[in-house]
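So the structure is just underneath, and the comments pick up after that.
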There are 2 protein chains.
Amino acid sequence: MARIINERADVLPRLAEVFRSHGYEGTSLALISEATGLGKGSLYHFFPGGKEEMAAAVLAEIDAWFRENVFAPLRVASEPNQAVDAMFDAVERYFEKGGRVCLVGLFALGDERDRFSQAVSAYFSEWIASLAQALETGGRDRIAARDLAEETVAGLQGALVLARSLREQAAFLRCLQRLKARITMP
Amino acid sequence: MARIINERADVLPRLAEVFRSHGYEGTSLALISEATGLGKGSLYHFFPGGKEEMAAAVLAEIDAWFRENVFAPLRVASEPNQAVDAMFDAVERYFEKGGRVCLVGLFALGDERDRFSQAVSAYFSEWIASLAQALETGGRDRIAARDLAEETVAGLQGALVLARSLREQAAFLRCLQRLKARITMP
DNA sequence: GTCTATAGATCGATAGAC
DNA sequence: GTCTATCGATCTATAGAC
């Protein structure tokens with residue numbers, strides 16, 4: 001009970017926030033230490049691989065969250081309109097209405113993409129594949145479903161870029177609304 | 001004639017490529033020196049403000065290029081379908097069919113956004129405004145034009161993120177085609 | 001203008017006391 | 001487990017010879 005921090009999982013959320021705010025290269029161990037309240041000794045106790053292992057752990061947690069809260073529900077959906085709605089809700093919450101950046105997208109644009117190649121590509125291809133499956137279940141043909149899924153996932157990432165550039169979260173929400181309207185079956 | 005490098009403008013393209021590849025934090029003066037063939041002394045001669053001034057100069061050059069090759073043609077367009085086509089062509093060339101990242105988008109996602117706040121937001125708002133104007137000239141009402149322009153610019157940025165994540169330039173081109181099809185007047 | 005040398009700070013990572 | 005102290009490397013930036 002007296003334990004403050006005793007598992008890697010306890011520091012991951014704060015770790016993730018630091019990487020999201022400063023990027024991989026911009027995140028120093030000093031910043032991490034400050035954000036987590038742990039000295040470097042403790043950090044290397046939990047993450048012997050150093051900064052790279054910390055970022056990998058964050059990516060793994062993000063992946064797990066999306067698998068559970070986004071990808072899996074899409075795959076098992078019987079009512080696709082409802083599943084798609086749920087996806088948009090989850091995304092809106094996760095990205096805090098456009099106030100929070102997608103770490104995977106950020107890494108994808110930089111050369112962190114190469115260092116975390118597998119995690120980055122898996123995140124997006126899983127997202128597109130599960131969304132396409134829900135759309136196909138809803139009655140669309142395979143090619144149209146895949147196209148629309150790709151378009152939607154790309155549109156979400158673009159919405160985050162745009163909202164952050166303009167410092168206007170409303171832009172993110174407007175983009176979300178348009179994507180939702182297009183993907184919903186009549 | 002014996003001059004190798006004698007103006008800031010001569011080093012800007014290489015400078016831009018370094019920032020695009022490694023991000024702001026990941027770009028060191030050693031990398032810049034290697035990419036430009038200039039020693040640190042020379043670099044500080046051209047850019048007394050150091051790395052920050054170098055990045056600002058790159059952003060200014062990007063802004064100038066888009067103003068001339070993208071924004072201005074959209075604004076003076078009399079035939080909007082044609083102007084939009086020209087925009088997509090320019091974008092496809094500029095981003096090398098998805099193989100090249102948008103530096104402004106990359107900066108927007110990181111905390112470079114705050115350092116280069118004006119340049120980042122101006123780039124996107126100008127793009128949206130000029131595209132919306134072309135669409136309005138084409139006969140759409142103001143609100144629909146603005147919506148479609150915002151959606152298209154966001155979609156382009158998302159397409160870049162997606163193509164880079166998946167290491168699949170074809171994904172960028174597919175997204176471009178869909179955006180183009182949607183924006184073209186019947 | 002361009003170079004080398006180097007300052008001074010900070011980087012990621014390690015060692016070892018407790 | 002957590003800390004402090006510290007390593008060597010690298011960082012941005014400057015100084016000064018040529």
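Every chain is numbered from 1, with letters handed out A, B, ... down the list of sequences.
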* Would you say C:dA13 has OP1 or OP2 under 4.0 Å from some side-chain N or O of A:Lys40? -> no
* Contact class for A:Ser28 vs. all strands (heavy atom < 4.0 Å): base, sugar-phosphate, or nothing? -> sugar-phosphate
* To do: Could you state the atom-to-atom distance from CG of B:Leu31 to P of D:dA9 in whole Å?
  => 18 Å
* To do: Please state how far atom CG in A:Leu38 lies from atom P in D:dC3, giving the value in whole angstrom units.
  => 6 Å
* **Spacing between A:Glu34 atom CD and D:dC3 atom C1', to the nearest angstrom** => 17 Å
* **Check ion pair A:Arg100-A:Glu17 (N to O, under 4.0 angstrom)** => yes
* Rounded distance (Å) that lies between atom P of D:dA13 and atom NZ of B:Lys51 -> 8 Å
* **Spacing of A:Glu112 atom CD and B:His22 atom NE2 [to the nearest 0.5 Å]** => 10.0 Å
* Gap between atoms CZ and C1', on A:Phe46 and D:dT2 respectively (whole Å) -> 9 Å
* Which of these nucleotides, C:dT14, C:dC11, C:dT2, is closest to any side-chain atom of B:Ser42? -> C:dT2
* Quick one: which of D:dT12, C:dA13, D:dG1 gets closest to the side chain of B:Leu29? -> D:dT12
* Asked: At under 4.0 Å between heavy atoms, what does A:Thr27 touch on the DNA or RNA strands: base, sugar-phosphate, or nothing?
  -> sugar-phosphate
* Give one of base, sugar-phosphate or nothing for B:Gly39, where a contact means two heavy atoms less than 4.0 Å apart. => sugar-phosphate
* Salt bridge present between A:Glu61 and A:Arg8 (N-O < 4.0 angstrom) -> no
* **Atom pair distance, as rounded to whole Å: CE in B:Met54 and P in D:dT12** => 9 Å
* To do: Measure from NZ or CZ of B:Lys51 to the centre of the six-membered ring of B:Tyr24 and say whether it is under 6.0 Å with the direction within 45° of the ring axis.
  => yes
* Quick one: B:His45 NE2 to D:dG16 C1', roughly how many Å, whole number? -> 16 Å
* To do: Return the value, rounded to whole Å, for the distance between atom CD of A:Glu25 and atom P of C:dT10.
  => 18 Å
* May I ask you to say what B:Gly41 touches in the nucleic acid, namely base, sugar-phosphate or nothing, with a heavy-atom cut-off under 4.0 Å? => base
* **A:Asp63 with A:Arg67: basic N within carboxylate O range, under 4.0 Å** => yes
